[in-house]
Amino acid sequence: MDVKRARSPRAPGVDADDDKKRAAEWRGAVRPHMVLVGFLITLPVLVFVFGGRWGSFQTTSAPNVGGRHVVPGGVTTTQKNEAPKNVSVPATATKSLPQPQDKLLGGLLSAAFEESSCQSRYKSSLYRKKSPFPLSPYLVQKLRKYEAYHKKCGPGTKRYRKAIGQLKAGRNADNAECKYVVWFPCNGLGNRMLTIASTFLYALISNRVLLMHVAAEQEGLFCEPFPGSSWVLPGDFPHNNPQGLHIGAPESYVNMLKNNVVRNDDPGSVSASSLPPYVYLHVEQFRLKLSDNIFCDEDQLILNKFNWMILKSDSYFAPALFMTPMYEKELEKMFPQKESVFHHLGRYLFHPTNKVWGIVSRYYEAYLARVDEKIGFQIRIFPEKPIKFENMYDQLTRCIREQRLLPELGTAEPANTTAEAGKVKAVLIASLYSGYYEKIRGMYYENPTKTGEIVAVYQPSHEEQQQYTSNEHNQKALAEIYLLSYCDKIAMSAWSTFGYVAYSFAGVKPWILLRPDWDKERSEVACVRSTSVEPCLHSPPILSCRAKKEVDAATVKPYVRHCEDVGFGLKLFDS
C-alpha cells in the first residue's frame, strides 16, 4: 500500500505566508546541542541493531558464546558429550554465517543430484575456507566422463549383467566394453577412506568402474557419489567373501606370477580370453612394503586385460600410481598440483548421509559457527607403540607453546586493551580418551589469557577404544573427521589415517606430533609442520620393480618426499 504524506489543514484566517514564516522560525530553533543529544539517545539502539559480533555482548557476570556461559579468559562450561542444541542466529550474526560459495566447487561436483537427498554434498564446503588448490579442467572432464561410464556399466544395467554372467561362467572375454575394480574394506574408517580414494583414482586412469563391498559397519555412512547409478556392490556378487582375500590367495596377481598362471615378460602376446576370470590385488602393507609386482608397466599391461579385478588395501597408494611410468603424464594433467590429489578426490567422493550430516551440522552450529578461530587436536595412541598419558599430554602442550597454537596463560585478568581481547578461539579435541579435554579445559578455565582471548574447549565423544565393526562408532568417527576438517589449524598424532583425512579435506598443513623412538618413552621434538596436505603412504613399493637394487623414490622423483612422521613413507608435495 502506498503511504502518502498528508498536510495538516490551515486554521481559518491563517494564510500561506504565515505558514512559511512559522516554518522558518521552527527550523531556526534547532540548535547543534539538540542534534548531539538526539544522536546520543539513539546510539545504543543503532549499536544493538547493526553492530557487534554474535556472542560478544556482556552480561553482569560473563559473556555468552553461542548460547553458552563462558568464563572470561577461560573456557565455556559446556561439558563433552552434552547433546548439541540448535542455536538460533539473530539477524545481526552475519559474521559467522557461511559466505556465498560455489556449491559445485568449481565443477568438481555434478549438479545432477537432488540436493535434499544428500544435504552434505553441496553444504559441507560452506563450513570450510575456499580450497587453496585450483581445479584442473582436465580432471573435471575426466570425472564427467567417468560418471557417464559408471551409469552405462554400473549395477542394474544390461552391460553389468553380461559382465557378471561371464564372471560366473569362468570366462575373461576379449574386448570387453566394461571393466570393473571391486574394493573390499580393511582396518578402520580412515584407512578405508584413503584406500577408496586411491582405488577410484586407479579406476579413473585404467578405465574401470569402481564398486564397493559395503560391510554392515559402513552402511549408511556415505551418499552415492555418481549420479544415476550406484557404487555399492550387489549382494549376489559371486566372489563376495572378504575372508578369502589374503596375501596367500591363489587368485592374487603375485601368486599367479609365482605359479606361472600368468606371465609378464611379453604382455603384448597375452590375450584376455586366456586369463582367469578375475584377478585379486592385495595392496595391503606387508612388512611395511607394498607388493612390487603391481606398480610396474609390464604388470599393469597384463592387469588391464582382466575384466574383473578385486582389490583389498589398507594403504593410501595414490603416490605409487604417480610412480608408475605409464600413468605419469595422465596424472600430471589431472593434478598439476600434486598435493591436491586426496583433497579433490575426497571432497568429490565422500559425502555423509543426512543422518551423519545432521550430527555434524548441529554440533558445528551449536559450538563452532560463531567463533573467531578453530583449532583441532587429534590424539591417537597405537597399541604397538603405547605412550603414557602424561608423556603424550606433555608433548601436546609443548607443541602448543612452541607453535603458539593457543594464547599464553596469564596470572591476572587483562585490561582488555589488546586487539585480541574478547575474541573467541574454539579447541576441538578428537580422541578416544577424555583426559586431554579435561586437562586443556581446566588449564583455560582456571587461568586468564594474557591477551584477553576466550578459549572454549570441546570434545564431541570419547569412545575409549576403536570399534572397527560398530556402525554407530563409525558414524561418530566420520562426523568428527568432518568437524576436524573445519578447523583453521590442526595438530595430529603421527601415523593417524583419521588425521590424514581431516587435514587433507581442510587443505591445511598440520603440525604432526611425532612418535618417540622405539627405545624411548618421550619424543624430543614435540611436533613438526607437514610440507604437504597429502596423506602419507606408509609402505611404498620398490621403485625399480624387479631390479635387485632398491631406489629411493624421494631422491629421483621431484614430487615425492619422505613423510615427517613415517621416515620411510612417501607423500606427494609441491615444491
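Just so you know, these numbers come straight off a predicted model, no measurement behind them. Throughout, residue positions are numbered sequentially from 1 according to the sequence presented.
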> Ignoring hydrogens and geometry, is there a side-chain-to-backbone donor-acceptor pair from Asn447 to Leu409 under 3.5 Å?
Replying inline: no

> So with a 6.0 Å cut-off around NZ of Lys439, is the heavy-atom count from everything else above 12?
Replying inline: no

>> For the aromatic rings, using the six-membered ring if either is Trp, is the centroid distance between His150 and Trp231 under 6.0 Å?
In response: no

> Is Asp565 salt-bridged to Arg515, going by a charged N under 4.0 Å from an acidic O?
Replying inline: no

> How about Ser315 and His538: does a side-chain donor come under 3.5 Å of a side-chain acceptor?
Replying inline: no

> Checking Asp574 side chain against Lys338 main chain: does a donor-acceptor pair fall under 3.5 Å?
Replying inline: yes

>> Between Asn191 and Asp314, do the side chains contain a donor N or O and an acceptor N or O under 3.5 Å apart?
In response: no

> Measuring from Ile196:CD1 to Tyr316:OH, what's the distance to the nearest 0.5 Å?
Replying inline: 13.5 Å

> Charged N to carboxylate O under 4.0 angstrom, Lys520 versus Glu524?
Replying inline: yes

>> Once rounded to the nearest 0.5 Å, what's the spacing between atom CG of Leu396 and atom CG of Asn391?
In response: 12.5 Å

>> On a heavy-atom basis, which atom in Glu402 and which in Ala526 lie closest, and how many Å separate them?
In response: OE1-CB, 3.9 Å

>> Does any part of the side chain of Glu480, heavy atoms only, come nearer than 4.5 Å to the side chain of Ser461, both counted from C-beta?
In response: yes

>> side chain to side chain contact (heavy atoms under 4.5 Å, CB included), that's the test. Do Leu428 and Lys374 meet it? Break it down for me.
In response: CA-CA 7 Å; Leu428 182 77; Lys374 299 176 285 291; over 6 Å; no

> Can you find a heavy atom in the side chain of Leu405 that is under 4.5 Å from one in the side chain of Phe377?
Replying inline: yes

> Stepwise, does the side-chain hydrogen bond (donor to acceptor under 3.5 Å, both in side chains) test hold for Gln475 with Asn471?
Replying inline: CA-CA 6 Å; Gln475 287 184 31; Asn471 186 269; 2.7 Å; yes

> Will you find, in the side chains of Ser485 and Arg128, an N or O donor that is under 3.5 Å from an N or O acceptor?
Replying inline: yes

> Is the ring centre of Tyr486 less than 6.0 Å from the ring centre of Tyr364?
Replying inline: yes

>> For the backbone of Pro352 and the side chain of Ser120, can you confirm whether one donor and one acceptor N or O come within less than 3.5 Å of each other?
In response: yes

> In Å and rounded to the nearest 0.5 Å, what is the OG to CG distance from Ser523 to Leu513?
Replying inline: 8.5 Å

> Do Val508 and Asp488 come within less than 4.5 Å of each other through their side chains, counting heavy atoms only?
Replying inline: no

> For the rings on Tyr280 and Trp308, is their centre-to-centre separation under 6.0 Å?
Replying inline: no

> Looking at the rings of Tyr433 and His462, which for Trp means the six-membered one, are their centres under 6.0 Å apart?
Replying inline: no

>> Working note: Tyr437 + Tyr458, criterion ring-ring contact (aromatic ring centres under 6.0 Å, His included); need CA distance, chi angles, decisive distance, verdict.
In response: CA-CA 7 Å; Tyr437 162 84; Tyr458 306 110; 8.2 Å; no

> Passes ring-ring contact (aromatic ring centres under 6.0 Å, His included), Phe222 versus Trp357? Steps please.
Replying inline: CA-CA 10 Å; Phe222 301 111; Trp357 177 245; over 10 Å; no

> Any ion pair linking Glu446 and Arg441 (charged N to carboxylate O, less than 4.0 Å)?
Replying inline: no

> Would a distance-only check, ignoring hydrogens and angles, find a side-chain to backbone donor-acceptor pair under 3.5 Å from Ser340 to Gln337?
Replying inline: yes

> Hey, do the aromatic rings of Phe342 and Phe505 have their centres closer than 6.0 Å?
Replying inline: yes

> Side chains of Ser131 and His343: closer than 4.5 Å at any heavy-atom pair?
Replying inline: yes

>> Using only atom types and a distance under 3.5 Å, with no angle test, would you say the side chain of Lys179 pairs donor to acceptor with the backbone of Asn304?
In response: yes

> Would you call Lys489-Glu373 a salt bridge at under 4.0 Å N-O?
Replying inline: yes

> Near Glu328 CD, under 6.0 Å, is it more than 12 heavy atoms from other residues, nucleotides or ligands?
Replying inline: yes

> Can you list the steps and then say if Phe226 with Tyr146 is a ring-ring contact (aromatic ring centres under 6.0 Å, His included)?
Replying inline: CA-CA 9 Å; Phe226 312 129; Tyr146 173 84; 5.0 Å; yes

>> Give me the atom names and distance for the closest heavy-atom approach of Ser230 to Leu211.
In response: O-CD2, 4.1 Å

> Within the distance-only criterion (no hydrogens, no angle test), does the side chain of Arg121 pair as donor or acceptor with the backbone N or O of Leu109 below 3.5 angstrom?
Replying inline: no

>> Is the distance from the ring center of Tyr436 to that of Phe389 below 6.0 Å?
In response: yes

> Could Glu339 and Lys571 be called an ion pair, given the rule that one side-chain N must be under 4.0 Å from one carboxylate O?
Replying inline: no

>> Please check: side-chain N/O of Ser496 versus main-chain N/O of Met492, any donor-acceptor pairing under 3.5 Å?
In response: no

> Is there side-chain contact between Trp511 and Val528, with heavy atoms separated by less than 4.5 Å?
Replying inline: no

>> To the nearest 0.5 Å, what is the distance between CZ on Arg192 and CG on Asn474?
In response: 6.5 Å

>> Using the ring centroid of each side chain, check whether Tyr348 and Phe200 are separated by less than 6.0 Å.
In response: yes

> Given the rule in the side-chain hydrogen bond (donor to acceptor under 3.5 Å, both in side chains) test, do Ser313 and Glu284 qualify, once you have shown the distances and angles that lead to the verdict?
Replying inline: CA-CA 4 Å; Ser313 176; Glu284 185 178 356; over 6 Å; no

> Below 4.5 Å, heavy atoms only, C-beta onward: do Ile310 and Leu281 meet side chain to side chain?
Replying inline: no

>> Using the rule given for side-chain hydrogen bond (donor to acceptor under 3.5 Å, both in side chains), can you reason through Thr555 versus Asp552, listing the C-alpha separation, both sets of side-chain angles and the distance that settles it, and then say yes or no?
In response: CA-CA 6 Å; Thr555 63; Asp552 182 1; 4.8 Å; no

> Which residues satisfy the disulfide (SG to SG under 2.5 Å) test with Cys487, sequence neighbours excluded?
Replying inline: none

> For Leu572, does its backbone N or O pair with a side-chain atom of Ser532 as donor and acceptor, under 3.5 Å?
Replying inline: yes

> Is atom NZ of Lys355 surrounded by more than 12 heavy atoms (other residues, nucleotides or ligands) closer than 6.0 Å?
Replying inline: no

>> Determine whether a donor-acceptor pair (N or O, by modelled atom type, separation under 3.5 Å) exists between the side chain of Ser252 and the backbone of Ala249.
In response: yes

> Is the distance between the ring centroids of Phe573 and His562 less than 6.0 Å?
Replying inline: no

> Within a strict 4.5 Å, meaning less than it, do heavy atoms of the Arg208 and Met309 side chains meet?
Replying inline: yes

>> Determine whether a donor-acceptor pair (N or O, by modelled atom type, separation under 3.5 Å) exists between the side chain of Gln119 and the backbone of Thr353.
In response: no

>> Restricting to ring-ring contact (aromatic ring centres under 6.0 Å, His included), what partner residues turn up for Trp183, sequence neighbours left out?
In response: none

> Is there a side-chain contact between Phe382 and Trp495, using heavy atoms and a 4.5 Å cut-off?
Replying inline: yes

>> I need the minimum non-hydrogen distance between Leu321 and Ser198, along with the two atoms involved.
In response: CD1-O, 4.0 Å

> So Glu534 and Tyr500, side-chain hydrogen bond (donor to acceptor under 3.5 Å, both in side chains) or not? Walk me through it.
Replying inline: CA-CA 7 Å; Glu534 270 287 284; Tyr500 292 165; over 6 Å; no

> Strictly under 6.0 Å, is that where the ring centroids of Tyr278 and His239 end up?
Replying inline: yes

